[in-house]
Amino acid sequence: MSKPVLDVRELRKIYGTGEATVHALRGVSLTVERGDYVAIMGSSGSGKSTLMNILGALDVPTSGQYLLDGVDVSRLADRQLALARNRLIGFIFQAFNLIPRTSAVANVELPLAYAGVKPKERRRRAMAALDVVGLADRAKHEPNQLSGGQQQRVAVARALVTEPALLLADEPTGNLDSRSTDDVLEVFDQLSLAGRTIVIITHETEVGDRAKRLIRLVDGSIVLDRRQAPVLSAAGRHSL
Amino acid sequence: MSFFEVVRFALRGLSANKLRSALTMLGILIGVAAVILLVAVGNGSAKAISDRIEALGTNTITVMSSGGGGGGSSTAKLTPEIADALIDPTLAPDVASVSPVVSSSATLTYEGTDHDVTSFVGTTAGWFTASNTPVGTGAGFTADDEAQARRVVVIGQTVAEELFPGVDPIDKQVTVSGALFTVVGVLKEKSSTGFQDSNDTAVAPLSAVREVLTGYGSINSILVEATDPGKVDAVQSEVTTILNQQLKVDATSGSTSTPYRIQNASQLLETQTETADTFTTLLGAVAAISLLVGGIGITNIMLVTVTERTREIGIRKALGAPRRVILTQFLIEATLLSVLGGALGVAAALIGSSFTIVGVKPVIVPSSVGLALGVSIAIGLFFGGLPASRAARLRPIDALRYE
Ligand SMILES: Nc1ncnc2c1ncn2[C@@H]1O[C@H](COP(=O)(O)OP(=O)(O)OP(=O)(O)O)[C@@H](O)[C@H]1O
Ligand SMILES: [Mg+2]
């Protein structure tokens, strides 16, 4: 068995000091194998985003160890971290985080630019990614000209465009109607089938049901970690 | 990621925030243009002053009676004899020429047209070169004319235009206080040295003017020319010695109240230049303050956008931008803004300096261009680069949460 993609041990995250101290994570241990599809659920404030930010190498834990593809992330220099974020991880933020006054397609192109892809190829792949999320006709629109759901789908396209081995999504369907949710989940199913590793945070049980594994977080600790048979998507059922 | 790509990113960043870019550039433009122009105005007025004084001739001194006549000290009566005494190869070896001068206002009449000249000068033939007043057309009078008291006159441009519109004035006869003078020449046009029109003048032999206009009393002044501009001070002390002898002044006693006064053009030039330099420094200080204010404006604009830019940097880092690429992009943005703004400022100053400002023709000081450009670019780079470098060092999540 190859080494796990994600391997965290006794992860703790403490915000603030003194009276205002918040224990966002209280010793989380977790391994995710290659090709797994994990859904993390839990009430608001239970530390899901905190965990995800650490997994995405965007934040560092107060204590504990994080091995990404067997490499200790805390030992990586800025360049190597940048490389890992760019090539290995596709991250979808809860708050979209698109660059303002910059067109949707330019936003999606950004990770490719930092990967050193030529402009022509970049444009082609960005358009393809936008097409996947059904926004090819909105490519020239800037974020403030898009609805919340459309912005979220642009963010999904941006995370997919580099075809990362690991997709980390913080409530990617939080702002979507059931049809768009289905479209995005369909994309995730495809990626999972193609052998990519997916970790997704969600509040919705029907989203959680699509994953192969469900983790429930309460107050910064894992209280449930269960394998499950993924429910097939509506579209998948129709095609059967 | 190639450097060229980073430049394209920077350009896109600038065009995505057009108003901010324009305001920043405007701030730098105004600061730079103000510094260059104000210093140029100061420098221009200094140049104008020294030009005027140089036009008077820097290798001459003028002896005048001390005029006041108040107090106990007597006022010297300058006479042509005293002037002659100054031509003394042993006591005054550095004197090149001596021109006694009388001057009065007079009315010139030609065929029924009257014209009042403010200074009708009577002097000797050497005065034209000594006082740096060359004859344009015709000729000056000669030493012989002076000796014979011939009634000939050389008139200034203004007089020629007033009395002889469209007519060649040479050999015409004008009436001055009942006597006929023949015009032998017209002075070359002279730039005015202040409020008086220096072209509104007429010059005639000393003997003739005394005979007709001023009488045989004392003369107004004596113009002494040195052999060399460097010898002016030597000439002044030589002249002082002779004058003290002639006028029986005891040099050892109250030297503060000599009955005559010596005006030294090069001394005048020195004090005037000092004043002008002070003026330039003052304007430079005002300009530096305006550059500083412009700089604060730029800083303000940059700081206001720092929250937004910090979030943007957080996003870029999360997407895999290395610190170096981010820094390069933001430094290029800041450089482009300040260099473009600075260049436009220099252009504006160059255009502005071709106009006359408050009666002064500005003369650009090259070092002020370098200084203004340097300071503005430094401010732009510092305040554009500093927040960017700070943000680029943050963890992506902290940059994203920055408020
Ligand atoms: N930067 C911070 N400073 C202080 N406390 C923080 C910070 N970020 C998060 N917290 C606290 O940590 C806890 C976990 O936050 P987190 O964002 O991980 O919750 P979450 O599970 O993602 O919630 P939600 O479902 O609402 O997104 C919360 O109690 C929150 O108040
Ligand atoms: Mg969250």
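Throughout, protein chains are lettered first and strands after them, A, B, ... in sequence-line order, and every chain is numbered starting at 1. For the numbers below, each heavy atom of this structure counts, side chains included, while hydrogens, waters and symmetry mates do not.
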| request: Under 4.5 Å heavy-atom distance to chain A, tell me which part of B:R316 shows up: side chain, backbone, both or neither. | output: both
| field | Distance-minimising heavy-atom pair for A:R85 and B:A318 | value | CB-O, 3.6 Å
| Which atoms of A:L81 come close to chain B, meaning under 4.5 Å heavy atom to heavy atom: side chain ones, backbone ones, both, or neither? | neither
| message | With rounding to the nearest 0.5 angstrom, report the CD1 to CD1 distance, A:I54 to B:I397. | response | 9.5 Å
| task | Count the heavy atoms of every other residue, nucleotide or ligand shown that sit under 6.0 Å from CZ of A:R79, and state whether that count exceeds 12. | result | no
| query | If every non-hydrogen atom of B:G320 is compared with every non-hydrogen atom of A:Y114, which pair is closest and at what distance? | reply | O-CB, 3.8 Å
| Do A:R158 and B:L319 come within less than 4.5 Å of each other through their side chains, counting heavy atoms only? | yes
| note | From the list B:R8, B:R311, B:E312, B:R323, the residue making the most non-hydrogen contacts under 4.5 Å with chain A is B:R323
| Residue pair A:D78, B:K317: steps toward the side chain to side chain contact (heavy atoms under 4.5 Å, CB included) verdict | CA-CA 10 Å; A:D78 180 75; B:K317 285 203 80 170; 3.3 Å; yes
| said: Is A:D59 in contact with chain B via its backbone, its side chain, both, or neither, using a 4.5 Å heavy-atom distance? | reply: both
| NZ (B:K361) with more than 12 external heavy atoms under 6.0 Å | yes
| Choice from A:T162, A:I89, A:L83, A:N86 maximising heavy atom contacts with chain B below 4.5 Å | A:N86
| field | Test side chain to side chain contact (heavy atoms under 4.5 Å, CB included) applied to A:L110 and B:F9, step by step | value | CA-CA 10 Å; A:L110 215 52; B:F9 266 48; 3.4 Å; yes
| said: Between A:R122 and B:E5, is the salt bridge (charged side-chain N to carboxylate O under 4.0 Å, His left out) condition met? List the steps. | reply: CA-CA 13 Å; A:R122 216 150 73 189; B:E5 284 263 15; 3.0 Å; yes
| query | To the nearest 0.5 Å, how far apart are CZ in B:R395 and CG in A:N53? | reply | 11.0 Å
| query | Between CD1 of B:I315 and CZ of A:F96, what distance do you get to the nearest 0.5 Å? | reply | 12.0 Å
| query | Can you say whether A:V60 sits under 4.5 Å from chain B via the side chain, the backbone, both, or neither, judging by heavy atoms? | reply | both
